[in-house]
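Some notes on the structure that comes next.
Chain naming here is simple, since letters A, B, ... match the order of the sequence lines and numbering starts at 1 in each. The structure displayed is predicted, hence computed values, not measured ones.
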Protein chains: 2
Amino acid sequence: MRNLKVMTAYRGTEYHGFQRQSNAVTVQEVLERCVSKVLNEPVGITGCSRTDTGVHANQFCFNVKTNSNIRNIGFVRGVNGELPDDISILSCEDVPLDFHARYDCKGKEYIYKMHCNESKDPFSADLMLHYRRKFDIDAARKAAAYFVGTHDFASFCADCTNVSTTVRTIYSFDIENCGDSVIMLVKGNGFLYNMIRIIAGTLIDVSEKRISPDDIPDILAARDRLRAGRTAMAHGLYLNRVFYSEEELFAGSGR
Amino acid sequence: MRNLKVMTAYRGTEYHGFQRQSNAVTVQEVLERCVSKVLNEPVGITGCSRTDTGVHANQFCFNVKTNSNIRNIGFVRGVNGELPDDISILSCEDVPLDFHARYDCKGKEYIYKMHCNESKDPFSADLMLHYRRKFDIDAARKAAAYFVGTHDFASFCADCTNVSTTVRTIYSFDIENCGDSVIMLVKGNGFLYNMIRIIAGTLIDVSEKRISPDDIPDILAARDRLRAGRTAMAHGLYLNRVFYSEEELFAGSGR
């Protein structure tokens, strides 16, 4: 028996998120079908995370146990040959049998992409949030700084009933601006349901002066979803990187 | 009567090029329908260029004559409100009645985008050429330099029967490399049918050592399409900028 650690990337537009569902097409279902075909045995895969409908991944890890003796490069080429255009296998390596893509994950980086211009970008209708106004990047950066550190993020969680704690640690929160693009990069040890989308939406409310940057500590302290801002749309969100060692996690913010 | 100079951008994937055809959906047809609706009169538009099926535009200029007294920002917002997600109006300004988007164009810049990696990019299936091998950027740059200047490009033209001369001037030819992306930027006073795609394909043949960089002068001199390389696929090609003054045209290579 082998355990393969596989990195993949996908465009989430056509999928109801990663996790298998009985009544909708998901990334997991398509991957399991293609991986099973190439391994020549029915397999289940274990993903590092769930993602919402329409959310993308530049890097998403899953592991799969198999009896196949396929070479790793053969796995990459074979599965890519079966997959549709919007899912790609990036790499495959053998790992110890007890490796678990979700439980062993040390941290994740998400990015949220916005196209800020009166005119839409015809290439990114489903890949960036189209924001028609000017985005106040200075105010957003000031607000973003308050999220860094260990906090109770209950105000930034859509449904916290299934988690034992709403305390999470954000290691870095950068906002980059290039031309009409604004990209938020958030790295942390874990994220609650809709947490990044609510944080991104709150920064949009900060840009529009509905929330002041200096309100963020009070909003965090309130532990009340109603105090935070809107939930930003799913199609601007990308799982950007997943980390399985602290060296990787703290090795600078390069993308 | 007014004459409006309009900048637009479009994702070419779903269109049979720019120019109106009787039997296929084109960008011109969609633009004319939406512009006529907003101007409240039937209009024809004059484009700066034809583009092939699947070719994209980051900047494409058309002009349209109208009796409407709509404000320019109202035109931009109104037409964008009518257009599908893959065509965008970027700007609109009044110009003299004799301005002609094609005849007055002083030069154009095209880019050709490649994703060079064994694994496909799930976000760019129809936006970049997927090239599975390593691209020899040094050899391609060496070959590219031979194209700069005024040459007879008959070897790099798919069908030259309709043009009075096959002599064109290329002002600059840069090849940029960022991560897995290779981007060729070519600026010139005009281009023959399929010229950039044949040049890009020839550079791929250079990368694969089927053609030597130093063969380019002989291939140009031969004036024979069969001496040049393959025609690179349309979906990597973008009309990137169009220039209506020599100041713009020679003001550095910024994109």
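Shown here is B:Glu14, whose CD atom has no more than 12 heavy atoms of other residues, nucleotides or ligands within 6.0 Å. When the shell of 6.0 Å around CD of A:Glu118 is examined, it contains more than 12 heavy atoms from other residues, nucleotides or ligands. Remark: A:Lys65 NZ is packed, more than 12 non-hydrogen atoms of other residues, nucleotides or ligands lying under 6.0 Å away. Heavy-atom contacts from other residues, nucleotides or ligands closer than 6.0 Å to CZ of B:Arg50 number 12 or fewer. Within 6.0 Å of the CZ atom in A:Arg71, the count of heavy atoms belonging to other residues, nucleotides or ligands does not exceed 12.
Under the 30°/60° scheme for interplanar angles, the aromatic rings of B:Tyr238 and A:Phe123 are found to be tilted.
Of all heavy-atom pairs spanning A:Lys120 and B:Ser88, the tightest one is O-OG, 2.6 Å.
B:Ser119 contributes a side-chain N or O that, together with a main-chain N or O of A:Ile89, makes up a donor-acceptor pair within less than 3.5 Å.
Rounded to the nearest 0.5 Å, atoms CG (B:Asp121) and CG (A:Asp85) are 10.5 Å apart.
Proximity to chain A (any heavy atom under 4.5 Å) is restricted, for B:Ile87, to the backbone atoms N, CA, C and O.
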